[in-house]
*Asks:* 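If you scroll down you'll find the structure; I have some questions about it.
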Amino acid sequence: MLKNAIAYILRKRNRTIIVFIFLTVVLSCLYSCLNITKSTSNLENNLYKISNTSLSIIKNNGDTFETNQFKELDNIKEIKEIITTYDGLARTTNIKVVDGTQLVERDDLSDEFKNMLSVEATNNSEKDNLFSSGIFTIIKGRHINNNDRGKILIHKELAEKNNLKLNDKIKLELIDFNNSENKLEYEFEIIGIFSGKKQEKYTGLSSDFSENMVLIDYESSQKALNKPENNKIVNKLAIFSDSSENTKVALNKIKKIKTDWSQFSVSSDNHVFEETLESMDGIKHIIKIMTYSTMIGGITVLSLILILWLRERIHEIGILLSIGISKIKIVTQFILELLFISLPSLVLSLFIGNVILNIIVGGFMNSDDSTIMVDSLLKNNNLISNLITFMQSYGILIGIIVLSVIIASLMILIKKPKEILSKIS
């Protein structure tokens, strides 16, 4: 049967080429669909991290609060990062603020309140909503990280007005409205310059304008406010986990922290993740339909092709039966023929499958504008994982071949040898 299968493949070259092309297309489609399905199953955690989803602890009245009230957060293993944020105002002594059209006019301001900057202190500016949403963009330098001390980010308009560049120094005096006697001038080094314009709220101060907003590192802000180590203050604690499940566990543990929760609220900023997850669920559904359609279509088309060809091979089948070859061996020969033809398609299908994968994912990117998801999807799997997926796809193809041959060979399996031999004449 093995020699007969090889001989048939070599002699019937046109049919061999047709089957080769068909099996290559089916295997390529199966591989690309399974690759996406497998990737999306492991993609949620990556999306969760990229979408900047977090839990936020704030005071209900918007005031600051002491961080030591929530020192137990450090003992929650599901929490991967805590970003502290302090919002305030600062006077500057060695630069001039950017002027703008002020919608609120105030005559009660003294001279010291006419050169004000709005300050946001953080230990990770890259995850700040203003930057992660694209409202602000770093154009020079870098973001503030947890190890920075005495560092500042300023707007490009403020930099241009005062001829400031990276590594220049700015002196700020942060204002503590709860303790007006603590006035400490602190020097900050410029490590980044950003551009953009946020939604502005007008109070009559120069700090209302986006151009007069600066970001400084959190630790330095507390020193500038003259706060002791055990009495640091924040406006918000942003809590990050590496998955939605861990965030839910962390939320339950946070609520068990002993504090006056009537003064605080915990909210989840996960709308970006939920929107992306909806898009991914849609992709999963579409890919599942494509996979099943490929399998059913492959079985149907291949069965029809084999039925037409087996009718032409009735003479060969009759002779094999007449010399005592069993039906099982004859069907096995047909399966071996297709398996031999499928072997050269492995290399070509791996290449075509990756091309189809990029086309499919690119189509989702164009339709849903899911750039983040697409990048993660394409980079999610390594070489070994892709090879495993490809071999799984080939295993499904073998199943399609076997099932198609059995369907096409029913005319042999259900009839007696005498009936088949009578058709030869």
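What's counted below: heavy atoms across the whole structure, side chains too, no hydrogens, waters or symmetry copies. Nothing here was measured: the structure is a model prediction, and the numbers come from that model.
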*Asks:* Between the side chains of Glu219 and Asn123, does any donor sit under 3.5 Å from an acceptor?
*Replies:*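 Asn123 and Glu219 do not have a side-chain donor-acceptor pair below 3.5 Å.
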*Asks:* Can you tell me if Asn115 uses its side chain to pair, donor with acceptor, with the backbone of Val97 under 3.5 Å?
*Replies:*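 Such a contact is found between Asn115 side chain and Val97 backbone.
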*Asks:* Could you check whether Glu72 and Asn75, counting side-chain N and O atoms only, form a donor-acceptor pair closer than 3.5 Å?
*Replies:*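 Not at all, the side chains of Asn75 and Glu72 share no donor-acceptor pair under 3.5 Å.
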*Asks:* Working to the nearest 0.5 Å, report the span between CG of Leu346 and CG of Leu23.
*Replies:*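 One finds 10.0 Å between CG of Leu346 and CG of Leu23.
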*Asks:* Just so I know, are the side chains of Ile191 and Ile144 near enough to count as touching, which here means a heavy-atom distance under 4.5 Å?
*Replies:*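 A side-chain contact exists here, since the closest heavy-atom pair is under 4.5 Å.
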*Asks:* Is the backbone N or O of Leu158 less than 3.5 Å from a side-chain atom of Asn162, with the two atoms forming a donor-acceptor pair by type?
*Replies:*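 Yes, the answer is positive, given that a donor and an acceptor are paired below the 3.5 Å cut-off.
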*Asks:* Quiz question: by atom type and distance under 3.5 Å, do the side chains of Tyr394 and Ser342 form a donor-acceptor pair?
*Replies:*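 Present: a donor and an acceptor within the cut-off.
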*Asks:* Give the minimum heavy-atom separation between Lys198 and Ser210, together with the two atoms involved.
*Replies:*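 So the two residues come closest at N-OG, 3.0 Å.
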*Asks:* Tell me yes or no: between the side chains of Ser262 and Asp260, is some donor less than 3.5 Å from an acceptor?
*Replies:*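 Checked: Ser262/Asp260 side chains pair up, N/O donor to acceptor below 3.5 Å.
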*Asks:* Side chains of Ile57 and Val234: does their closest heavy-atom pair fall under 4.5 Å?
*Replies:*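 No - every pair of side-chain heavy atoms lies 4.5 Å or more apart.
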*Asks:* Nearest heavy-atom pair of Gln69 and Thr259: which atoms, and what distance?
*Replies:*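 The answer is OE1-OG1, 3.6 Å.
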*Asks:* Evaluate the ring planes of Phe194 and Phe131, with Trp represented by its six-membered ring, and classify them as parallel (under 30°), tilted (30 to 60°) or perpendicular (over 60°).
*Replies:*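 Phe194 vs Phe131 ring planes: perpendicular.
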*Asks:* Applying side chain to side chain donor-acceptor pair (under 3.5 Å), run through Thr247 and Glu78 and close with a yes or a no.
*Replies:* CA-CA 7 Å; Thr247 299; Glu78 288 79 13; over 6 Å; no
*Asks:* Counting distance only, does the side-chain N/O of Ser404 pair as donor-acceptor with the main-chain N or O of Leu302 below 3.5 Å?
*Replies:*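 A pair under 3.5 Å: no.
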*Asks:* Does the side chain to side chain contact (heavy atoms under 4.5 Å, CB included) test come out yes or no for Leu117 and Met213, once each step is laid out?
*Replies:* CA-CA 6 Å; Leu117 297 173; Met213 178 180 179; over 6 Å; no
*Asks:* In terms of side-chain geometry, is the basic nitrogen of Lys161 or Glu211 positioned less than 4.0 Å from the acidic oxygen of its partner?
*Replies:*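 Judged by the 4.0 Å cut-off on N to carboxylate O distance, Lys161 and Glu211 do not form a salt bridge.
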*Asks:* Using the rule given for side chain to side chain contact (heavy atoms under 4.5 Å, CB included), can you reason through Ile58 versus Asn235, listing the C-alpha separation, both sets of side-chain angles and the distance that settles it, and then say yes or no?
*Replies:* CA-CA 6 Å; Ile58 59 174; Asn235 289 88; over 6 Å; no
*Asks:* Quick one, Asn145 and Asn124 - any side-chain contact, counting heavy atoms below 4.5 Å?
*Replies:*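 Side-chain contact under 4.5 Å: no.
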*Asks:* Could you tell me the separation between the OG atom of Ser265 and the CG atom of Asn60, rounded to the nearest 0.5 Å?
*Replies:*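 Rounded to the nearest 0.5 Å, the OG-CG separation comes out at 4.5 Å.
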*Asks:* Could you state the interatomic distance from CD1 (Ile401) to CG (Leu338), rounded to the nearest 0.5 Å?
*Replies:*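 Output value for this atom pair is 5.5 Å.
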*Asks:* With no hydrogens and no angle check, just 3.5 Å: does a side-chain donor-acceptor pair link Ser220 and Asp217?
*Replies:*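 Yes, a side-chain donor-acceptor pair sits under 3.5 Å.
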*Asks:* Who passes side-chain hydrogen bond (donor to acceptor under 3.5 Å, both in side chains) against Glu157, sequence neighbours left out?
*Replies:*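 Checked Glu157 against side-chain hydrogen bond (donor to acceptor under 3.5 Å, both in side chains); zero matches.
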*Asks:* Write down the atom of Ile254, the atom of Trp261, and the distance for their closest heavy-atom approach.
*Replies:*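 Scanning both residues completely, I find the closest heavy atoms to be O-CZ2, 3.0 Å.
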*Asks:* Under 3.5 Å, is there a donor-acceptor pair between the Glu126 and Ser132 side chains?
*Replies:*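 Their side chains do not contain a donor-acceptor pair, so the 3.5 Å distance test is not met.
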*Asks:* So, taking the atom named CZ in Phe390 and the one named CD1 in Ile388, what distance separates them when rounded to the nearest 0.5 Å?
*Replies:*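 Phe390 CZ to Ile388 CD1: 13.5 Å, rounded to 0.5 Å.
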*Asks:* Apply side chain to side chain contact (heavy atoms under 4.5 Å, CB included) to the pair Ser195 and Phe136, showing each step before the final yes or no.
*Replies:* CA-CA 6 Å; Ser195 64; Phe136 285 163; over 6 Å; no
*Asks:* Which residue is it: Lys169, Arg149, Lys151? I am looking for the one with a salt bridge (Lys or Arg N to Asp or Glu O under 4.0 Å) to Glu189.
*Replies:*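 That would be Lys151.
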*Asks:* Would the distance check show the side chain of Asn212 and the main-chain N or O of Phe209 forming a donor-acceptor pair, the cut-off being under 3.5 Å?
*Replies:*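 Checking the backbone N and O of Phe209 against the side chain of Asn212, no donor-acceptor pair under 3.5 Å is found.
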*Asks:* Decide side chain to side chain contact (heavy atoms under 4.5 Å, CB included) for Leu172 and Ile152; before the verdict, give the C-alpha distance in whole Å, the side-chain angles of both, and the deciding distance to 0.1 Å.
*Replies:* CA-CA 10 Å; Leu172 297 181; Ile152 189 171; 3.9 Å; yes
*Asks:* Taking the six-membered ring for Trp, are the ring centroids of Phe264 and Phe65 within less than 6.0 Å of each other?
*Replies:*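 Yes, close enough.
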*Asks:* Ring centroids only, cut at 6.0 angstrom: are Tyr186 and Phe188 within range, meaning strictly under it?
*Replies:*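 Yes, the ring centres sit under 6.0 Å apart.
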*Asks:* Counting distance only, does the side-chain N/O of Asn252 pair as donor-acceptor with the main-chain N or O of Val249 below 3.5 Å?
*Replies:*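 No, Asn252 side chain to Val249 backbone: no donor-acceptor pair under 3.5 Å.
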*Asks:* State the CG-CG distance between Leu350 and Leu348, to the nearest 0.5 angstrom.
*Replies:*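 If I round to the nearest 0.5 Å, the distance is 9.5 Å.
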*Asks:* So, taking the atom named CG in Asn35 and the one named CD in Gln392, what distance separates them when rounded to the nearest 0.5 Å?
*Replies:*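 Between Asn35 CG and Gln392 CD, I get 10.0 Å after rounding to 0.5 Å.
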